[in-house]
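What follows is one structure encoded as structure tokens, with my remarks underneath.
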Amino acid sequence: DSTFQTVSTDLVDDTTPQLGGNLDVNTKNIVFGDSSGATDDRLTFGAGTDLSIYHDGSHSYISEQGTGNLRILTSSVFTVNNAANSENMILATDGGSVDLYYNGVKKLTTYSAGVEIHGSEGANCELYLYADEGDDDADNWKLTTLAASATFQLQNRASGSWETNIEANGNGNVELYYDNSLHFRTEAGGAAVVDSNSSVSLRLEGTGGTCGYLSGSGSDVIGLADNSGHYHVKGTKDGTTELYYDNSQVLKTIADGIILNA
């Protein structure tokens with residue numbers, strides 16, 4: 001029959017092979033070599049080869065170059081695991097959380113109200129905040145929950161090492177620091193202003209600026225002074241109380257009464 005054409009079974013010579021049904025690989029593999037460009041050794045999808053899967057000799061790629069999005073769909077759980085398939089790196093659950101792991105240990109979990117940060121067993125939980133790419137120490141901040149105690153800290157690294165700004169203790173006090181030195185602490189009966197020096201002061205400030213100081217010297221003297229350092233009231237432990245007018249003493253208590261100064 002002059003219309004009969006021989007069917008070529010040589011897929012190398014046949015430049016337009018087509019399937020009339022499903023391709024059964026018959027327990028074999030479809031093997032691709034290393035791709036040297038967009039036209040060889042790639043598994044491609046779409047009218048304009050929008051999606052390609054290939055290996056270039058160094059790296060493996062899933063490349064989406066079309067106008068749409070690359071979507072991975074699942075009705076259960078999506079995971080990214082290590083090469084041995086023994087540890088999770090990412091785990092996302094349909095209708096649930098997304099979990100991120102470090103060396104097989106969960107570190108971050110999303111949930112309906114936000115995210116959770118996890119520490120390792122027996123280790124602190126830390127969240128680092130780096131502004132401006134974290135290219136200098138002044139950009140670095142850290143939130144820490146200490147494993148050994150119910151303590152939360154806000155710290156900075158401006159000096160090249162971690163220093164505390166705020167420390168809060170569960171069922172306990174809250175402490176405020178200046179340049180890593182404790183200056184204010186809440187207590188069961190109120191609060192304390194503290195200083196490593198022999199004297200401590202609490203500055204009183206109004207809308208116009210500093211209007212005065214409540215100061216203490218060691219454990220013996222407490223006073224109320226204006227912004228020029230002039231006392232208005234000064235009291236000494238187990239001793240006198242003094243009242244001043246324009247920085248001049250006008251009244252002083254003594255053991256058996258008071259002394260008025262004219």
Side-chain angles (χ1 to χ4, degrees), residues 10-12 14 17-19 21-137 139-148 152-153 155 157 161-162:
D10 185 352
L11 296 181
V12 176
D14 189 350
Q18 299 183 37
L19 297 177
N22 295 331
L23 176 63
D24 187 346
V25 297
N26 195 27
T27 72
K28 304 299 181 180
N29 295 323
I30 299 176
V31 180
F32 295 82
D34 292 335
S35 175
S36 60
T39 59
D40 70 283
D41 291 295
R42 297 190 179 195
L43 185 61
T44 61
F45 303 84
T49 63
D50 295 339
L51 175 65
S52 298
I53 302 175
Y54 62 96
H55 184 80
D56 67 357
S58 300
H59 306 287
S60 299
Y61 297 86
I62 299 175
S63 175
E64 203 292 312
Q65 300 291 331
T67 57
N69 301 323
L70 176 63
R71 298 181 178 181
I72 300 174
L73 308 181
T74 180
S75 60
S76 54
V77 177
F78 167 78
T79 62
V80 177
N81 292 352
N82 64 344
N85 198 29
S86 60
E87 294 180 353
N88 293 130
M89 291 187 283
I90 301 173
L91 188 150
T93 303
D94 180 31
S97 67
V98 175
D99 302 327
L100 302 182
Y101 293 76
Y102 178 83
N103 195 24
V105 178
K106 187 188 300 184
K107 293 300 178 182
L108 187 145
T109 299
T110 64
Y111 72 108
S112 59
V115 298
E116 296 176 350
I117 308 295
H118 306 271
S120 300
E121 183 69 28
N124 297 340
C125 180
E126 300 177 339
L127 174 62
Y128 292 83
L129 306 173
Y130 293 157
D132 191 23
E133 299 180 351
D135 56 358
D136 57 76
D137 287 326
D139 297 337
N140 301 344
W141 290 81
K142 180 173 67 168
L143 299 175
T144 304
T145 300
L146 302 181
F152 170 80
Q153 293 178 329
Q155 295 180 307
R157 197 178 169 84
S161 61
W162 292 111

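As the structure is a prediction and not an experimental result, all values here were calculated from the model.
- Residues R42 and S52 bring no donor and acceptor atom of their side chains to less than 3.5 Å of each other.
- Note that CG of D50 is 11.5 Å distant from CZ of F45, once rounded to the nearest 0.5 Å.
- Aromatic ring pairs are classed by plane angle as parallel below 30°, tilted from 30° to 60° and perpendicular above 60°; the pair Y61 and H59 is perpendicular.
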Item to complete: Carefully, step by step, assess D94 and V77 under the rule side-chain contact (heavy atoms from CB on, under 4.5 Å).
Response: CA-CA 6 Å; D94 180 31; V77 177; over 6 Å; no
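- Looking at H118 and T109, their side chains do bring a donor and an acceptor atom within 3.5 Å of each other.
- When N81, N82, N88 are each tested for a side chain to side chain donor-acceptor pair (under 3.5 Å) with N85, only one passes: N81.
- In this structure a side-chain-to-backbone donor-acceptor pair under 3.5 Å is present from E64 to G66.
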Practice prompt. For L70 and L51, run side-chain contact (heavy atoms from CB on, under 4.5 Å): C-alpha distance rounded to whole Å, both residues' side-chain angles, the deciding distance at 0.1 Å, then the answer.
Written response: CA-CA 9 Å; L70 176 63; L51 175 65; 4.2 Å; yes
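- With C125 as the fixed residue, the side-chain contact (heavy atoms from CB on, under 4.5 Å) test singles out one of L143, L146, T144, I117: I117.
- In this structure a side-chain-to-backbone donor-acceptor pair under 3.5 Å is missing from N69 to R71.
- A donor-acceptor pair is defined here as one N or O able to donate and one able to accept, closer than 3.5 Å; such a pair exists between the side chain of S35 and the backbone of D40.
- Distance check, rounded to the nearest 0.5 Å: CG of L91 to OG of S97 gives 7.0 Å.
- Between the OH atom of Y130 and the CZ atom of R157 there is a distance of 7.5 Å, given to the nearest 0.5 Å.
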